[in-house]
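Structure record follows, encoded as structure tokens.
Each chain gets a letter, A, B and so on, in the order its sequence line appears, and its residues count up from 1. These numbers come from the heavy atoms of this one structure, side chains and all, not from hydrogens, waters or symmetry mates. The structure presented is a predicted model; accordingly, all values stated were derived computationally and were not measured.
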Amino acid sequence: MEREVRVRFAPSPTGPLHIGGVRTALYNYLLARKLGGKMLLRIEDTDQNRFVPGAEKYIMEALRWAGIEIDEGPEQGGPHAPYRQSERKPMYRQYAQQLIDSGHAYYAFDTPEDLDVMRARLTAAKVPNPQYNAITRNQMRNSLTLPEDEVKELLATDVPYVIRLKVPRKEEVRFQDLIRGWVVVHSSAIDDKVLMKSDGMPTYHLANIVDDHLMEITHVIRGEEWLPSAPLHVLLYRYLSWESTMPQFAHLPLLLKPDGTGKLSKRDGDKLGFPVFPLEWHGQDAETGEPTISSGYRESGYLPEAFINFLAFLGWNPGSQQELFTMDELIESFSIERVSKSPARFDQNKVRWYNEQYLRAKPDTELAQYLLAALREHNIECSEEKAVQIAGVMKERVTFPQDFWREAQYFFQAPTSYDEQVIAKKWNAPTAAALAEFARELPASSDVSPDGIRALLTQVLERQGIKIGQVLQALRVAVTGVTAGPDLMATMSIIGTAETAQRIETAVQRLPQ
RNA sequence: GGUCCGUUCGUCUAGGGGUUAGGACAGUAGAUUUUCAUUCUACCAACAGGGGUUCGAUUCCCCUACGGACUACCA
């Protein structure tokens, strides 16, 4: 019987999610939806030392903003609750015990100092890969080397100990990665990983295998940084006798810093010149403890659709020439086989381009709301109708929602200064005279449409014997103060004939001829 | 150092034993526009190197180089 597809996104709440994490979540989500399965969110908080308050909430909010819906998780619950590993603590012990009973794991009583000494000794002896393994475990203090009685005694006391996996000395471990094909690693390259820490918490390796099994996960889609430890996970499935239902693995290519040196990390914050986080993050400096703010895509004005579309294409493509995809289209077209193997760099230009595309596709009435919100903040009255008109003429010229207000202020405020270059070149007595006459007649004009205003202007200029091209730049600067903007006739029409006339008169008075 | 993964225009990528190696972003030029932007058109620009296999390799294999990940009682 075909198993229901179940995938999980399993972040550790040690800070904000960065865009690489969002992409991992996205690919998991796309696969789940594509195959009619379930998307789980599991919080991997087994390291109590690295707990960061607010991180879990941030992760959930970021996913929600991005449009990645969770079917089972800490918030929504589900048949395999709880979905926080710290709350599942009692469940892991028995599996570690099972491994000990079957001879695949053992107790180790070495102190951190013992381990340091061991590593130092191996390094001094020029051992290529100092690790706790099939060879070195014989020289350490563990249930393999100590007499049985002593082990029992130690366990009965409160001497701290860990449980380690007994990795075979010589064995090829292989698995098939959905993206990379067969991956083979020799067991000698894997060390005797700690499964249970001395604080009673499982490590990632144990917890993730146990939870994936219990939660009936069918596909593990995670970052490439997990590739080297995947064989270890295969070994765990085998020793726990779960190999027949072991999930399929897919290791995603990393997201690199734009200069190509190293993977993107959350510590990059704002250092790269673009946000690495979906949402703004309020944290604190690791050394000084000072509060810090890292910018986010949401606050920078990126639309989630654009952000997601861009992110989906970082390491995946549909094989067609289509660039713009809604979430539903992404789901429809997604396949894990088309994820590329090689790492990708973030391209700021392209995210911006995506944002412009999605912004322009929105109806004017919706875009007008961005402007209206900014106007309210500045205590400026504006009818919805007027805001819709402005949005309509401005939409081709903006990248972010906040650009509407920034670029369109002259619709509400008369210019306080005028572009000097245009004035020097285009402002002269005949022009001023013609514009003055235009301004005198404009308020009485019955047709206030762009075409009507144009007709009046043409009429006035004809009387004066001036060509329209000679005065338009001057007129624009007189009305708006700046040289660039949407169609001037439409601009004047939106500003209103009375206000436009007044602005022209002001300019005629103030500017030298 | 060791293990593993990767390498097509500046960037994201398509392709795949015989192609004018395709698209998108960026860049450049032109057209449109009263301006700027948009839009349109064109241009620029890539198979890391060396060996094989083959009639023929950018494509398959090997080596080298380069890049990256991992190498914790972190995930």
Side-chain angles (χ1 to χ4, degrees), chain A residues 10-14 44-47 49-50 85 108 110-112 115 119 123 126-132 160-164 177 179-180 183-186 188-191 193-205 207-208 222-231 251 253-254 256 258 260-263 310 313-324 338 340-354 356 360 394-399 407 419 422 426 454 457 467-477 480 482-489 491:
Chain A
S12 145
T14 54
E44 307 229 326
D45 55 352
T46 52
D47 186 353
N49 301 321
R50 294 208 304 159
Q85 288 185 329
D110 317 278
T111 63
L115 296 174
R119 286 193 197 101
T123 307
K126 301 237 184 338
V127 171
N129 203 12
Q131 55 182 18
Y132 205 119
Y161 67 92
V162 300
I163 296 176
R164 284 182 182 269
D177 188 278
I179 294 171
R180 289 151 210 281
V183 176
V184 186
V185 179
H186 196 90
S188 62
I190 306 168
D191 62 351
K193 280 274 179 298
V194 170
L195 265 20
M196 292 290 290
K197 300 185 263 189
S198 55
D199 64 1
M201 274 289 197
T203 58
Y204 168 81
H205 301 292
N208 118 82
R222 76 232 293 196
E224 192 189 323
E225 67 267 31
W226 294 110
L227 197 49
S229 58
H251 290 93
L254 259 19
L256 264 29
T261 56
K263 67 170 176 175
F310 170 76
F313 270 66
L314 227 45
W316 172 86
N317 80 85
S320 71
Q321 312 241 109
Q322 186 181 344
E323 302 278 340
L324 266 18
R338 291 201 64 90
S340 59
K341 298 179 178 68
S342 46
R345 255 163 288 251
F346 201 83
D347 184 350
Q348 296 166 73
N349 282 323
K350 207 152 186 180
V351 224
R352 289 171 61 94
W353 179 79
Y354 270 110
E356 288 165 1
R360 283 169 206 168
M394 293 299 293
K395 67 196 289 186
E396 300 285 298
R397 357 179 22 94
V398 298
T399 302
E407 303 283 325
D419 183 89
V422 169
K426 304 280 187 184
R454 177 189 295 279
L457 180 63
K467 288 209 177 85
I468 191 163
Q470 288 175 262
V471 302
L472 273 172
Q473 270 299 71
L475 176 56
R476 177 181 292 280
V477 170
T480 69
V482 295
T483 59
D487 180 79
L488 225 203
M489 303 308 147
T491 302

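Nucleotides B:rU58 and B:rA75, compared at atom P, are 47 Å apart to the nearest Å. Here, B:rU34 and B:rA46 have their C1' atoms 42 Å apart, quoted to the whole Å. Spacing between B:rG49 and B:rA57 at atom P, rounded to whole Å, works out to 15 Å. Taking atom P on both nucleotides, B:rA29 is separated from B:rC66 by 38 Å, rounded to a whole Å. Look at the P atom in both B:rG10 and B:rC73: the space between them is 43 Å, to the nearest Å. Comparing B:rC74 with B:rG16, their P atoms sit 45 Å apart, to the nearest whole Å. A distance of about 32 Å separates the C1' atoms of B:rU13 and B:rU71, rounded to the whole Å. For B:rU35 and B:rG18, the P atoms lie 50 Å apart once the distance is rounded to whole Å.
Residue contacts shown for A:Ile468 are absent, as no nucleic acid heavy atom lies under 4.0 Å away. Nucleic acid contact for A:Arg50: base, since at least one base atom lies under 4.0 Å from a heavy atom of the residue. Within 4.0 Å of A:Gly223, counting heavy atoms only, lies no atom of the nucleic acid at all. Residue-level contact check: A:Thr46 touches the backbone only, with heavy atoms under 4.0 Å from sugar-phosphate atoms and none from bases. Among the atoms of the strands shown, only primed sugar atoms or phosphate atoms (P, OP1, OP2) are found under 4.0 Å from some heavy atom of A:Ser340. Note on A:Asp177: nothing from the nucleic acid sits closer than 4.0 angstrom, heavy atoms only. Using a 4.0 Å heavy-atom distance criterion, A:Gly469 is classed as making no nucleic acid contact. Contacts of A:Arg338 with the nucleic acid, taken as non-hydrogen atoms under 4.0 Å apart, involve only primed sugar atoms and P, OP1 or OP2. Heavy atoms of A:Asp347 sit under 4.0 angstrom from at least one base atom. Within 4.0 Å (heavy atoms only), A:Lys263 reaches sugar-phosphate atoms of the nucleic acid but no base atom. Within 4.0 Å of A:Asn49, counting heavy atoms only, lies no atom of the nucleic acid at all. Nucleic acid contact class of A:Pro486 (heavy atoms, under 4.0 Å, all strands): base.
Using Watson-Crick or G-U wobble geometry with both donor-acceptor distances under 3.5 Å, B:rU28 finds its partner in B:rA42. Remark: B:rC66 base-pairs with B:rG6; criterion is Watson-Crick or G-U wobble with both hydrogen-bond distances under 3.5 Å. Remark: B:rA57 base-pairs with no nucleotide; criterion is Watson-Crick or G-U wobble with both hydrogen-bond distances under 3.5 Å. The nucleotide B:rU33 finds no pairing partner, because no Watson-Crick or G-U wobble arrangement with both distances shorter than 3.5 Å includes it.
The closest donor-acceptor contact from the side chain of A:Lys197 to the backbone of A:Thr46 lies under 3.5 Å. Using a distance-only test at 3.5 Å, with no hydrogens or angles considered, a donor-acceptor pair links the side chain of A:Thr203 to the main chain of A:Val194. Of the possible donor and acceptor atoms, one in the side chain of A:Asp45 sits under 3.5 Å from a partner among the backbone N and O of A:Gln85.
The base of B:rC73 sits within donor-acceptor range of the side chain of A:Ser198, with an N or O pair under 3.5 Å.
The side chain of A:Glu396 sits closest to B:rA37 out of B:rA37, B:rA24, B:rG22. Minimum atom distance to the side chain of A:Glu323 is reached by B:rG23, of the listed B:rC5, B:rU39, B:rG23. For A:Ser342, whose side chain is taken as the heavy atoms from C-beta onward, the closest listed nucleotide among B:rC73, B:rC25, B:rU8 is B:rU8. Proximity note for A:Val185 (side chain, C-beta onward) versus B:rA37, B:rC5, B:rU3: the nearest is B:rU3. Checked against B:rA26, B:rG23, B:rA75, the side chain of A:Lys350 finds its nearest nucleotide in B:rG23. Side-chain atoms of A:Tyr204 lie closest to B:rA75 of the nucleotides B:rC73, B:rA69, B:rA75. Of the listed nucleotides (B:rA75, B:rU34, B:rC73), B:rU34 has the atom at the smallest distance from the side chain of A:Asp487. Of the candidates B:rC12, B:rC5, B:rG2, the closest approach to any side-chain atom of A:Asn129 belongs to B:rG2.
Remark: the A:Glu356 side chain and the A:Thr399 side chain contain an N/O donor-acceptor pair separated by less than 3.5 Å.
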